[in-house]
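Have a look at the structure below, then the notes.
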Amino acid sequence: MQAPSVGGVMLPRGNGQSVRLSRGASLTDFAEKINANPASLVAVMMNLGEMVTATQSVSDDTLKLLADEMNYVLEIVSPEEEDRELLESFDIEFGEDEGGEEALIPRPPVVTVMGHVDHGKTRLLDAIRKTNVIAGEAGGITQHIGAYQVSAEVNGEDRKITFIDTPGHEAFTAMRARGAKSTDIAILVVAANDGVMPQTIEALNHAKAADVPIVVAVNKIDVEGADPTKVRGQLTEFGLVAEEYGGDTMFVDISAKQGLHIDQLLEAVVLTADASLDLRANPEQDAQGIAIESHLDRGRGAVSTVLVQRGTLRIGDTMVVGDAYGRVRAMLDDNGNNVEEAGPSTPVLVLGLTNVPGAGDNFLVVDEDRTARQIAEKRAARERNANFARKGVRFSLENLDEALKAGLVQELNLIIKGDASGSVEALESSLLQLDVGEEVDIRVLHRGVGAVTESDIDLATGSDAIVIGFNVRAAGRAQQMAEREGVDVRYYSVIYQAIEEIEAALKGMLKPEYEEVELGTAEIREIFRSSKLGNIAGVLVRSGEVKRNTKARLLRDGKVIAENLNISGLRRFKDDVTEIREGFEGGINLGNFNDIKIDDVIATYEMREKPRG
């Protein structure tokens with residue numbers, strides 16, 4: 001039914017009908033759903049006090065405002081749901097094993113190691129791998145996500161376990177959570193000398209949220225002050241009760257440094273998997289899984305470490321990983337050896353993708369290159385629209401002028417480039433969670449993998465952004481361009497250092513706070529009277545220095561007699577001076593204040609901007 005809308009524009013009325021739109025949709029998308037002219041929806045938005053073009057990606061709030069006005073019920077489709085619908089349109093089912101029970105065979109468990117910083121996660125992984133990965137890491141932090149497979153002998157049988165190597169620092173909450181989603185079992189590392197720490201609880205909550213069984217590795221049992229029993233008691237409060245206390249969580253006391261009881265830990269992982277999980281997959285179907293880490297390799301192009309969850313991935317397969325696609329040119333295992341195929345729970349490095357996918361993106365094998373390209377392009381367009389909608393700062397016509405004039409909008413714009421997508425995502429996630437009050441905001445204009453390019457500097461120039469290079473540098477001409485345009489490019493190799501500096505910069509954008517800093521004290525030894533200047537104090541500077549035009553207070557017998565005085569004149573003998581240092585004598589004039597006595601103390605100070613802690 002046609003009915004007049006606001007502003008005399010003829011529009012269909014919803015009568016409570018539901019409209020499904022994806023995140024970042026435009027008014028044109030809305031118009032197509034309700035069979036209306038996009039220009040008329042622009043007119044409606046103007047009447048509602050919002051300036052929006054027909055093709056611009058708009059926020060969920062703007063779409064809801066429009067839907068409410070036109071009596072429609074808005075339903076925003078989640079990215080996961082939208083992706084499922086996209087794949088269904090190509091007759092692809094993601095996340096399901098094909099065939100019946102007889103098609104399923106056992107697969108190795110996938111394990112993530114979690115825990116507090118410095119409790120020995122990397123050293124434990126190192127002990128399991130028997131190779132030293134710590135030496136090459138900045139600050140002893142795992143900078144990239146990788147994955148590898150190890151063998152363990154359990155009850156005389158050779159069993160494989162796949163480890164996802166996630167960074168352990170608390171800054172990588174996003175990665176750790178994502179790691180848990182692709183994980184069957186979590187190993188929670190707790191130092192026997194420290195016990196349960198804040199990040200231990202954080203890691204535990206991630207594992208519980210992902211609904212994965214937990215095996216506790218009580219590390220550093222060889223260190224003085226180690227108390228494994230105390231750890232068991234502390235974790236009981238969080239619902240992890242050891243088997244020896246009647247619970248169902250396996251605790252293993254280890255020393256990653258000495259390599260003690262590592263075999264027992266791997267056995268505990270396998271036994272936990274057997275007892276509480278049915279780990280089976282169909283190896284015969286087209287491969288599906290998840291991207292663990294991706295980066296740009298100078299010689300090999302875009303490479304991605306993927307974990308096959310079902311099916312078998314083979315060289316020559318056409319695959320889609322997030323918004324990247326390509327034909328598998330080569331596959332390498334965790335030791336760098338070429339492999340022809342990878343079955344369920346096997347991690348491999350894949351070569352042949354068009355661009356760098358995101359860490360945590362799903363991958364699937366399709367029959368044709370054309371299908372892969374179409375899925376990738378649609379995913380990229382959806383992501384782009386959602387980003388545009390998220391980035392747009394929303395103003396109404398009424399308050400746009402006021403906001404700009406009052407300077408209410410204060411933002412720190414950032415461009416993040418890194419050597420691997422997982423690190424870039426973790427850095428972005430950590431920065432966006434910084435809380436320094438409501439006065440300032442942080443906005444990531446662009447993030448990507450690879451060196452800082454000229455287009456990054458261009459974007460930074462136009463938007464007053466700071467460029468962060470994480471384990472990457474600016475290419476030659478980009479560096480010259482940054483210097484010419486005055487763009488601030490910062491380089492980091494440790495993520496928490498970047499977070500600390502950006503947090504300091506954000507705090508610097510807040511209104512300054514001032515604190516009083518004492519400069520010096522002077523004791524009055526004599527008083528000279530001048531008809532022109534009033535009383536002048538002959539002083540000896542006892543500490544620090546006394547400067548002209550600074551604030552002062554007068555103390556008599558330790559009590560403050562006068563506040564907020566001004567050192568309006570300073571003399572040494574007959575000369576006017578700007579300062580008198582400790583141990584020297586001179587004359588001080590306090591302006592109109594004349595109530596001074598011998599033995600009084602003049603304390604001078606200045607107000608300095610206080611660094612925000």
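Using modelled atom types, no side-chain atom of R542 and backbone atom of E523 make a donor-acceptor pair closer than 3.5 Å. A distance-only check finds no donor-acceptor pair linking the side chain of T305 to the backbone of I292 [under 3.5 Å]. Between the side chain of R571 and the main chain of K574, a donor-acceptor pair closer than 3.5 Å is present. Of the possible polar contacts, none joining the D194 side chain to the A191 backbone as a donor-acceptor pair under 3.5 Å is found. Of the possible donor and acceptor atoms, none in the side chain of S429 sits under 3.5 Å from a partner among the backbone N and O of A426.
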Run the side chain to side chain donor-acceptor pair (under 3.5 Å) test on S543 and T521 for me, step by step, so that the C-alpha distance in whole Å, both residues' side-chain angles and the decisive distance to 0.1 Å come before the verdict. CA-CA 5 Å; S543 65; T521 57; 2.8 Å; yes
I would like to know whether D222 and K220 meet salt bridge (charged side-chain N to carboxylate O under 4.0 Å, His left out); could you show each step before the answer? CA-CA 5 Å; D222 55 325; K220 302 189 181 182; over 6 Å; no
Test side chain to side chain contact (heavy atoms under 4.5 Å, CB included) on M45 and L66; report intermediate values, then the result. CA-CA 7 Å; M45 292 308 299; L66 179 58; 3.7 Å; yes
Take I561 and L555, measure what side chain to side chain contact (heavy atoms under 4.5 Å, CB included) needs, and give me the verdict at the end. CA-CA 6 Å; I561 300 299; L555 292 94; over 6 Å; no
The test is side chain to side chain donor-acceptor pair (under 3.5 Å); show your working for S455 and D458 and say whether it passes. CA-CA 5 Å; S455 64; D458 263 337; over 6 Å; no
Give the intermediate values and the outcome of side chain to side chain contact (heavy atoms under 4.5 Å, CB included) for residues I588 and I567. CA-CA 7 Å; I588 293 178; I567 308 284; 3.9 Å; yes
Run the side chain to side chain contact (heavy atoms under 4.5 Å, CB included) test on I416 and F470 for me, step by step, so that the C-alpha distance in whole Å, both residues' side-chain angles and the decisive distance to 0.1 Å come before the verdict. CA-CA 8 Å; I416 304 173; F470 182 72; 5.6 Å; no
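Contact record, G418 with V472: C-CG1, 3.6 Å, taken as the closest heavy-atom pair. Scanning both residues, A498 and L427, for their nearest heavy atoms gives CB-CD1, 4.1 Å. Scanning all heavy atoms of the two residues, the minimum distance from V546 to A522 falls at CG2-CB, 4.1 Å. Looking at every heavy atom in both residues, I187 comes nearest to A217 through CG2-CB, 3.9 Å. Closest non-hydrogen pair, I499 versus S430, comes out as CD1-CB, 3.6 Å. The nearest pair of heavy atoms linking T28 to A54 is OG1-O, 2.8 Å.
Using a 4.5 Å cut-off on side-chain heavy atoms (C-beta onward), L570 and D576 make no contact. A heavy-atom distance below 4.5 Å is found between the side chains of L48 and L65. Proximity of D488 to V467: side-chain heavy atoms (C-beta onward) are nowhere separated by under 4.5 Å. Inter-residue side-chain proximity for I457 and L459 is flagged as unmet; no heavy-atom pair is nearer than 4.5 Å. A 4.5 Å side-chain heavy-atom check between N219 and L124 finds every atom pair outside the cut-off. The shortest side-chain heavy-atom distance between S421 and E293 falls under the 4.5 Å cut-off. When side chains are defined from C-beta on, L27 does not count as touching P38, because their heavy atoms never get closer than 4.5 Å. For the pair E526 and I524, the minimum side-chain heavy-atom distance is 4.5 Å or more.
Distance NZ/K230 to CG/N193: 9.0 Å, rounded to 0.5 Å. Taking CG of L296 as the start and NZ of K417 as the end, the distance is 9.0 Å to the nearest 0.5 Å. Atom-to-atom distance recorded for Y491:OH and Q497:CD is 14.5 Å, nearest 0.5 angstrom. Rounded to the nearest 0.5 Å, atoms CZ (R447) and CG (L431) are 12.0 Å apart. Rounding to the nearest 0.5 Å places NZ of K547 at 6.0 Å from CD of E579. For the atom pair CD (E585) and CD1 (I580), the distance works out to 9.5 Å, reported to the nearest 0.5 Å.
Checked by atom type, the side-chain pair S26/D29 shows a donor-acceptor distance below 3.5 Å. Side-chain polar atoms of S568 and N589 form a donor-acceptor pair below 3.5 angstrom.
Around atom CZ of R581, no more than 12 heavy atoms belonging to other residues, nucleotides or ligands sit under 6.0 Å away. Within a 6.0 Å sphere centred on CZ of R525, heavy atoms belonging to other residues, nucleotides or ligands number more than 12. Residue K257 places its NZ atom among 12 or fewer non-hydrogen atoms of other residues, nucleotides or ligands, all under 6.0 Å distant.
A salt bridge is defined here as a Lys NZ or Arg NE, NH1 or NH2 lying under 4.0 Å from an Asp or Glu carboxylate O, and K64 with D68 meets this definition. We find that R553 and E516 are joined by a salt bridge, their nearest charged nitrogen and carboxylate oxygen being less than 4.0 Å apart.
Checked against side chain to side chain contact (heavy atoms under 4.5 Å, CB included), E237 has no partners two or more places apart in sequence or in another chain.
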For residues 590-605, which side-chain donor-acceptor pairs fall under 3.5 Å, sequence neighbours excluded?
from: N594; atom 1: OD1; to: N535; atom 2: N; distance (Å): 2.9
from: D600; atom 1: OD1; to: R556; atom 2: NE; distance (Å): 2.9
from: D600; atom 1: OD2; to: R556; atom 2: NE; distance (Å): 3.1
from: D600; atom 1: OD2; to: R556; atom 2: NH2; distance (Å): 2.8
from: D600; atom 1: OD2; to: K597; atom 2: N; distance (Å): 2.9
from: T604; atom 1: OG1; to: G520; atom 2: N; distance (Å): 3.3
from: T604; atom 1: OG1; to: G520; atom 2: O; distance (Å): 3.2

